[in-house]
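Working notes, beginning with the structure itself.
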Number of protein chains: 2
Amino acid sequence: MNLEIDFRSGIPIYLQVVERIRERIAASQLAPGDQLPTVRSLALELRVNFNTIARAYRILDETGIISTQQGRGTYVTNTPPPEASEKIRQKALTELARRSFADAERLGASPEEFNQILKDQVAHWQQTGRLSNPDSDN
Amino acid sequence: MNLEIDFRSGIPIYLQVVERIRERIAASQLAPGDQLPTVRSLALELRVNFNTIARAYRILDETGIISTQQGRGTYVTNTPPPEASEKIRQKALTELARRSFADAERLGASPEEFNQILKDQVAHWQQTGRLSNPDSDN
DNA sequence: AGTACAATGATACAATTATACAATGAGACA
DNA sequence: TGTCTCATTGTATAATTGTATCATTGTACT
């Protein structure tokens, strides 16, 4: 799943999981009928207790966009209407931007410095046609 | 832990705890990822109230060298502090940039679109003097 | 004495984890 | 077919961990 959650943000993990999954559904990365990871497998991936994931799933279930079934698994039921999806998507992107700057700040970089690095990254991507490999200069 | 605290020194207990733990980390007796004692267990050991330990932990958390997580515990921080070597810092920043674009792509945004959003975020930061609040429009 | 302030303690609370439990489904076998 | 067993799934509840808020204590200063 590769969900990005921040243990140091002060935002409860279960709420972060709710948001990240809503974003994936809004971005059609998860379509109706798709099965979500089991509470245990996602918990293992995120290194948290599976009850924390279960709590997130329960919230999503109560809002009706997924369906959790004991013994079977959890499945996506509805995708929000296009205009709502676009709004969620926009919010997800600005939120991602905010998190990125916050992470950069923790590494001692000002927003300006990090923005420069991001620009370089785009330039490199335009040259090579792909995002640079994390192991490229080891 | 066996922290040396002097109750008669006149120096507040929570400040002594802060100093003792800083020393342990500086001496690599506590490594990144290591879990510190819970506020209650350390309080029991030192015969003080656990709020006093919590206060010490909060100070260390604010300086970024440990991370306290409700319900989970407190851990020595993994990410290198800003004063780490420039090379490591640069590498961490480019890796962060790469991951950010990958996440944006997962949300259905091209690098160009996401870059625009990043620029807007910097502009907004320059206006308000802070990175925008995650809860601003919930 | 009285006041103000910082340090510490008491209590209630929220997030996360640990443990035991119940529902479902796949495979073995009569 | 039926049903047994067992692994896998989500559920329920209590224990553990840090947080928030206010009360208490001690000290310095008038």
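In the text below, chain A, chain B and the rest are named by the order of the sequence lines, each starting its count at 1.
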Donor + acceptor pair across side chains of Gln116(B), Glu112(B) (<3.5 Å): no

Those residues that, when tested against Asp61(A), pass side-chain hydrogen bond (donor to acceptor under 3.5 Å, both in side chains) (two or more places apart): Thr68(A)

Euclidean distance, atom OH of residue Tyr57(B) to atom P of dA20(D) [Å, nearest integer]: 17 Å

Integer-rounded Å distance: dA20(D) P and Ile53(B) CD1: 17 Å

Base versus backbone protein contacts along nucleotides 15-23 of chain C [heavy-atom cut-off under 4.0 Å; B, S, -]: BBBBB--BB

Nearest-angstrom distance from the residue atom CG of Leu42(B) to P of dT17(D): 12 Å

Distance below 4.0 Å between Thr68(B) side-chain N/O and dT19(D) OP1 or OP2: yes

Residue whose closest nucleotide on DNA chain D lies nearer the 5' end, Gly73(B) versus Arg58(B): Gly73(B)

Atom-to-atom span, CD1 of Ile59(B) to C1' of dG18(D) - whole angstrom: 16 Å

Contact check, side chains of Ser100(A) and Phe101(B), non-hydrogen atoms, under 4.5 Å: no

Any residue meeting salt bridge (Lys or Arg N to Asp or Glu O under 4.0 Å) with Glu4(A), in chain and number order, not counting sequence neighbours: none

Stepwise side-chain contact (heavy atoms from CB on, under 4.5 Å) check, Val17(B) with Ile53(B): CA-CA 7 Å; Val17(B) 172; Ile53(B) 306 301; 4.2 Å; yes

Flag if over 12 foreign heavy atoms under 6.0 Å of CZ, Arg99(A): yes

Spacing between Leu44(A) atom CG and dT9(D) atom C1', to the nearest angstrom: 15 Å

